[in-house]
Amino acid sequence: MVDGTGLENRQVNSLAGSNPVPSASVCMKNKKTLAVLSLLRKILEIFSSLFLSIYLFQLVQGDFNFLLLYAAFNAAAGCVLNFLLMKNMQPDNANFIFRLSIACEIISILMLLIMQENLLSVIWLFALIQRFAKNAHYVVYEVTLIRSTKTQSLSSYVAGINIIGGMITLVAPLMMGYTITNFSWYVVFIMMLIDAIVSAIVATKVDFSVIDNGFHPIKFWKKAFKNRTMREAYFVSYLKRLSGTDGVLEYLLPVVLFLTLGTEFSIGNYDSLFSVVYIIMLEAVRILNRKGRVKRFYVPLALLMLISAANMVADFNTFSILLFYFTIKTGGALIALEGSSMIYAVGNKENLSSYTREHHFTWNLFLSLGNLTGIAITYIIYNNFYSQEVFASVILVLMVFFVMQAYGLQRIEQKLQNA
């Protein structure tokens with residue numbers, strides 16, 4: 001998917017398309033190269049999702065409203081860019097779009113290095129360039145991966161990438177936090193720049209191919225929204241981004257952790273530590289997927305996060321904050337991954353797999369709407385509920401929607417299993 005949450009087992013048929021499959025030699029070369037690109041991108045994603053918000057928070061001297069405006073701009077820009085990319089991506093320009101995404105990533109990092117404290121003077125240009133880099137990367141990357149991997153082997157391929165990516169999450173946050181605390185932000189910026197440059201070099205080895213099936217969202221909507229399961233799936237996606245780790249919490253949690261723990265090293269240390277549990281949970285879910293069993297853990301995990309959020313409101317201290325972060329980093333991230341997987345499976349089940357681009361765009365449209373709703377809720381509470389526990393109160397409200405998402409996800413999961 002183009003917002004970057006990644007591929008998972010049940011996406012295969014819904015993206016397969018009808019174009020001729022590339023040759024075996026091209027497929028093998030692409031799979032190896034795309035695996036390397038995925039891992040390089042994982043490092044950049046860890047930086048942008050965990051530490052960039054803290055850096056901006058420091059630049060604006062604790063003005064959280066600015067971060068909310070920045071988040072809203074990203075959500076709106078991402079929706080527009082997604083439409084333009086889906087509409088205009090073709091086999092003859094996919095190569096250019098992907099390399100342009102990496103070039104934009106390099107430019108955004110150079111802006112961090114060159115502008116330093118003056119970044120705020122060009123902050124909206126920076127946000128737009130970085131948003132394009134992310135959207136363009138995932139639009140081309142995921143379709144190319146599907147077209148380069150046989151249906152029978154995609155699940156095992158993605159599982160392998162997830163395991164190696166999990167290893168990166170054990171090391172990268174800790175190393176970034178240590179470097180920022182003991183050296184400077186700019187050393188980490190240079191590390192990210194090297195990562196992006198290596199990605200650009202590796203990308204020259206990929207033979208990109210995309211599905212050439214046009215883009216007709218209105219035609220797709222006439223079919224999709226008549227289907228109750230599809231409507232439920234998109235609503236669950238809306239709730240996912242409203243309350244999940246890739247919505248406003250992506251900006252809120254790093255700030256809460258920074259204000260509580262005081263150093264980037266401590267944040268990276270806990271993030272890496274909690275990743276151990278997440279990897280174990282991910283492997284357990286992979287076994288359940290392989291056995292074809294219905295997963296009934298969504299609601300219990302979501303209720304656990306709601307309880308931990310309520311505990312923060314009742315007793316806002318370091319322990320309660322870390323307890324919630326542990327639950328959202330493990331169970332919350334797992335539910336988010338399962339939600340991403342589910343949307344592909346629904347499209348395939350309802351015989352709408354030929355509308356790959358339209359399905360992607362509609363999904364991401366609901367994700368963006370959910371993101372903007374979460375930002376609006378956060379803004380209202382933050383600016384009208386003046387107390388030390390204001391951030392905890394925001395999180396508690398968001399977790400109510402998270403439980404609703406988990407319930408909807410479990411209902412759809414059962415429908416797919418019984419189909």
inquiry  = Regarding K240 and D246, does a basic nitrogen lie under 4.0 Å from an acidic carboxylate oxygen?
reply    = yes
Donor-acceptor pair, distance only, cut-off 3.5 Å: does the side chain of T362 make one with the backbone of H359? no
Would you say the rings of F220 and F361 are close, in the sense that their centroids are separated by under 6.0 Å?
no
(message) Is the distance between the ring centroids of F83 and F215 under 6.0 Å?
(response) yes
Compute the ring centroids of F64 and Y382, then answer whether they are less than 6.0 Å apart. yes
*Can you tell if the side chain of T245 reaches within under 4.5 Å of the side chain of E250, non-hydrogen atoms only?*
no
Pairwise side-chain contact, Y234 with W363, heavy-atom cut-off 4.5 Å (strictly under)
yes
TODO: Give a yes or no on whether a salt bridge exists between K134 and E105, defined as a side-chain N under 4.0 angstrom from a carboxylate O.
DONE: no
* To do: Verify the distance criterion only: is there a donor paired with an acceptor across the side chains of E358 and W221 at less than 3.5 Å?
  => no
*asked:* Within the structure provided, determine whether E264 and L50 are in side-chain contact (heavy-atom separation under 4.5 Å).
replied: no
>> Around atom OH of Y55, are there more than 12 heavy atoms from other residues, nucleotides or ligands closer than 6.0 Å?
In response: yes
Measuring only between side-chain heavy atoms, which start at C-beta, is N74 closer than 4.5 Å to Y70? yes
Contacts of F66 meeting ring pair (Phe, Tyr, Trp, His ring centres under 6.0 Å) (sequence neighbours excluded), chain-then-number -> W124
Sorted by chain and residue number, the side chain to side chain contact (heavy atoms under 4.5 Å, CB included) partners of S320 (sequence neighbours excluded) come out as N311, M312, N317
So the salt bridge (charged side-chain N to carboxylate O under 4.0 Å, His left out) pairs with at least one residue in residues 325-337 (sequence neighbours excluded) are D271-K329
- Query: Got a sec: does the CE of M281 have more than 12 other heavy atoms crowding it under 6.0 Å?
  - Reply: yes
